[in-house]
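In what follows, a single structure is set out as structure tokens and then discussed.
So you know, we letter chains A, B, ... as the sequences are listed, proteins then strands, and number each from 1.
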There are 2 protein chains.
Amino acid sequence: MLVAVDCIIFGFDGNDIKLLLVQRGLKPEKGKWSLMGGFLQPAESLEQAANRILKQLTGLEGVYMEQMRAFGEPERDPVERTLSIAYFALIDIHQYEKQLSNEYHPEWFHVKKMPDLIFDHKKMVDIAKRQLRYKAALHPILFELLPSRFTIPQLQILYEGIYDTAFDNRNFSRKVLSTELLIKQKEKDKANSKKGAFYYKLDKRKYKANFQAFLNFIPNPDKLLL
Amino acid sequence: MLVAVDCIIFGFDGNDIKLLLVQRGLKPEKGKWSLMGGFLQPAESLEQAANRILKQLTGLEGVYMEQMRAFGEPERDPVERTLSIAYFALIDIHQYEKQLSNEYHPEWFHVKKMPDLIFDHKKMVDIAKRQLRYKAALHPILFELLPSRFTIPQLQILYEGIYDTAFDNRNFSRKVLSTELLIKQKEKDKANSKKGAFYYKLDKRKYKANFQAFLNFIPNPDKLLL
DNA sequence: CCAAAAGTGTTCTTTGTACACCCATGC
DNA sequence: GCATGGGTGTACAAAGAACACTTTTGG
């Protein structure tokens, strides 16, 4: 039995949440879009494989990544029985763009405008989106998608994209600040408004300490379809 | 590469939360305690394998079960590289006892008084305990551990065991009832108190409909170590 | 009648939500 | 000086937590 690792890679460009896909190099379905994946090597752990695969594609290391689940339907790969362990990763898209272009010719796709994917990769993506919503409602995970310096309105756009809904900006900023995870900077971002919005940075120490304690971030979480 | 499925099976006897373990039949570590597991067969899915293994051990079908995650450290099984997909199951221990005794000679162990386990099974159990706390804080999953008819004080003992803490019984019963997932029965359980506590049954329809919407069940969830 | 668990009522605190209104700035 | 987002203040509503007190019944 073959064991593969597939990576669902999320990015955020300031407006939209996107997924990084590659065109499959092997038959069958050569040329069709696919998640980035690879086979587990004899001496590596699953985490190591996932990080290796992510680095191959993006050049990035130290990225936020977590195991999602295993997919093992007997017929999921029509050629040979292959178990896939899916990981999802959150990357700062601007970090990635410094790196750009490689042998895989990956492309970013808006999560709502995805092409057809091979095998059961669509199912994996759907589960990853659900998982991301779930996790982000409870933990401050979405900061991983932003550059190290960001404004609260930028953060709000990200949350609104994830939950496909609008939040009250006044209550949103208060709620974010009440977590005390953010450190206010002196400079403002003037690109998006005349008044300008202050930049913030994550308090990394508090972020790590409070990672598990970020419940109730999303208003009316019981109305979300998780 | 070998692919195994291991099951972490939780039960509740009315006072304590327990895990069902077996003595390993194969070398190495023959005779040592272990989670119930087995190898994934060529034609079956992971879910099918997990259900097959659970049925082999307990005789039960239709049990609550979910995939936890994959464990793939290269050296986790010293003999041969084996990937394990861990599932956790919640069973009504009394249902199980009707079935009793089989070739595996399983035994229930209190979650806090576990013997040494083979390989990385202790790690799997620790993660399963954490996962169960996490999930139960958000979803009405613990009903799966109770018989179809139960009292609110019984439910409270279960929650207190899971979270290793005490809840205010007055607020607890109100909170449970406010979910409207329970249907009051005419009879009382007189075994545990003089006044007696009313039995309740789960409203299966509402349970399924609201399974995702049970957030904020545990007071102060941010103080829990998840 | 007393002990002991079940359960109701009430109060206070905290958190969430809605929205009026002021602020800073580029044009 | 006015349009545009950024942000504070405030008021009301909902949920959570603490706890006094009543109920039921076996001994």
Rounded distance (Å) that lies between atom P of D:dG5 and atom CG of A:Asp168: 16 Å
Between P of C:dG9 and CG of B:Leu177, the distance in whole Å: 13 Å
Test salt bridge (Lys or Arg N to Asp or Glu O under 4.0 Å) applied to A:Lys32 - qualifying residues, sequence neighbours left out: A:Glu29
Considering non-hydrogen atoms only, spot the tightest contact between B:Ala70 and A:Gln67 and give its length. N-OE1, 2.7 Å
Closest to side chain of B:Arg170, choosing from C:dA24, C:dG16, D:dC21: D:dC21
Of all residues at least two apart in sequence or in a different chain, which pass the salt bridge (Lys or Arg N to Asp or Glu O under 4.0 Å) check with B:Lys195? none
Could you check how far CG of A:Asn171 sits from P of C:dA20, rounded to whole Å? 13 Å
Please give me every residue in residues 189-197 of chain A whose heavy atoms get under 4.0 Å of an atom in DNA chain C, ordered by residue number. A:Lys190, A:Lys194, A:Lys195
Whole angstroms only, please: what is the CD1-P distance between B:Ile157 and C:dA6? 8 Å
Could you check how far CG of A:Asn169 sits from P of C:dA18, rounded to whole Å? 13 Å
Atom-pair distance (CZ on A:Phe167; P on D:dG6), nearest Å: 16 Å
I need the full list of side chain to side chain donor-acceptor pair (under 3.5 Å) pairs touching residues 106-123 of chain B, with sequence neighbours left out, sorted by first then second residue. B:Asp16-B:His110, B:Arg76-B:Asp120, B:Lys112-B:Asp164, B:Lys122-B:Asp126
For B:Phe198, what residues pass the side chain to side chain contact (heavy atoms under 4.5 Å, CB included) criterion, not counting sequence neighbours? B:Lys184, B:Lys188, B:Tyr200
Distance, rounded to the nearest Å, where A:Arg174 contributes CZ and C:dC21 contributes C1': 12 Å
For the pair made of CZ in B:Phe172 and C1' in D:dG16, what is the distance, rounded to whole Å? 15 Å
Please table the atom pairs, donor to acceptor, closer than 3.5 Å between any side-chain atom in residues 142-154 of chain A and protein atoms at least two apart or in another chain.
from, atom 1, to, atom 2, distance (Å)
A:Glu144, OE2, A:Tyr207, OH, 2.7
A:Arg149, NH1, A:Glu187, OE1, 3.3
A:Thr151, OG1, A:Gln154, N, 3.2
A:Gln154, OE1, A:Thr151, N, 3.2

